[in-house]
Amino acid sequence: MKSRGRFAPSPTGPLHLGNARTALLSWLAARAGGGGYVMRVEDLDGPRVRPGLELAILAELRWLGLSWDEGPDVGGPFAPYRQSARLPVYAAALGRLREAGLAYPCFCSRAEIAAVAQAPHGPADEGPRYPGTCRGLSAAEAARRAGSRQPAWRFRVPEGEVPFADGVHGPQRRDVSAETGDFVIARADGVPAYQLAVVVDDAAMGIAEVVRGDDLLSSTARQLLLYRALGAAAPRFAHVPLVTGEDGARLAKRHGALSLGELRERGADPRAVVGLLAALSGLAPAGSWLTPAELVAGFSLERIPRGPAVLRAREVEALFER
Ligand SMILES: [Zn+2]
């Protein structure tokens, strides 16, 4: 199977070296496997989307030497490639889940859920496990409540563990029902949750291999349940370790983690930046100058170290020394 892949940046903050590394690895996996590569802009987080940032991010990825066959700037057979333009697609998917009895309206406020929720907490991005308060509401009761409050929509999670094989981390299993409970797939204001949008898009766009940061490893089981519920074939997943600073903390400005835009402005050569990203991924010796294309031959995700990639401030400074 060809490894058609994608990168899905959010125009809510500048691209830093950690994001760029994930982009490079997802691109290499797709190209080494002979598959196409899709650029998709995830801009559903309206208030946080910064005007102009999408253009800057795409320009920086091109500067790095990456290319894509489909995307918001080049079009393609699965357009639109910007999530904010795909709301009818998500609404249709939600409609199918509702008709199948796999989604139900939830009228709880955050405070109400926190008040009745009990430990243990599931994945950090979901907050406390949803106790199922609205799971058994009758249609009449739901209709009555909808008169005074717009509901969110939750996915009816089946019991049991969800096993899957991760291309970097190996065999995984999670019990979504026990950890997260029925999770939100559409907010009360109608905006689809990340979990639903990403599954609908990857399925619609024929993505065969999702390579992304391992901060999303914990959401994969939830997404697999949605693939199953929507009758769509799930892609293979590979979660690459995050890049950290020398202190082990998630990459931040104080680690010299400049944005790609800043590196470019300060005169770094894109080949030196790609060399640094490759060195962080165990693909090239430190100090290499490379184009992404030069890394395609022989690339395999199995070569990526499973531990966090540590960015040293010294290595960032070295980008400006030749
Ligand atoms: Zn509820």
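Order of listing sets the numbers, starting from 1, for every ligand and every atom in it. Residues take their numbers from the sequence shown, with the count starting at 1. In this text, all values refer to a predicted model and were calculated from it rather than measured experimentally.
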Distance only, no hydrogens: is a donor on one side chain within 3.5 Å (strictly under) of an acceptor on the other, for Glu141 and Ser138?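 No - no donor-acceptor pair under 3.5 Å links their side chains.
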Short question: side chain of Tyr81, backbone of Phe78 - any donor-acceptor pair under 3.5 Å?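 Yes: the side chain of Tyr81 pairs with the backbone of Phe78.
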Which protein atoms of type N, O or S are found under 2.8 Å from the Zn ion (ligand 1)?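 Metal shell, protein only: Cys106 SG, Cys108 SG, Tyr130 OH, Cys134 SG.
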Criterion salt bridge (Lys or Arg N to Asp or Glu O under 4.0 Å) on Asp202 and Arg212, from CA distance to verdict: CA-CA 13 Å; Asp202 282 335; Arg212 59 187 181 186; 5.4 Å; no
Of all pairs that satisfy ring pair (Phe, Tyr, Trp, His ring centres under 6.0 Å), the ones with a partner from residues 189-234, not counting sequence neighbours: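 Of all non-adjacent pairs touching residues 189-234, none passes ring pair (Phe, Tyr, Trp, His ring centres under 6.0 Å).
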Does the plane of the ring in Phe183 sit parallel, tilted or perpendicular to the ring in Phe155? Use 30° and 60° as the thresholds.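 Because their plane-to-plane angle lies in the 30° to 60° range, the rings of Phe183 and Phe155 count as tilted.
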May I ask you to say whether Arg314 pairs ionically with Glu321, meaning some side-chain N is under 4.0 Å from a carboxylate O?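 Salt bridge: yes.
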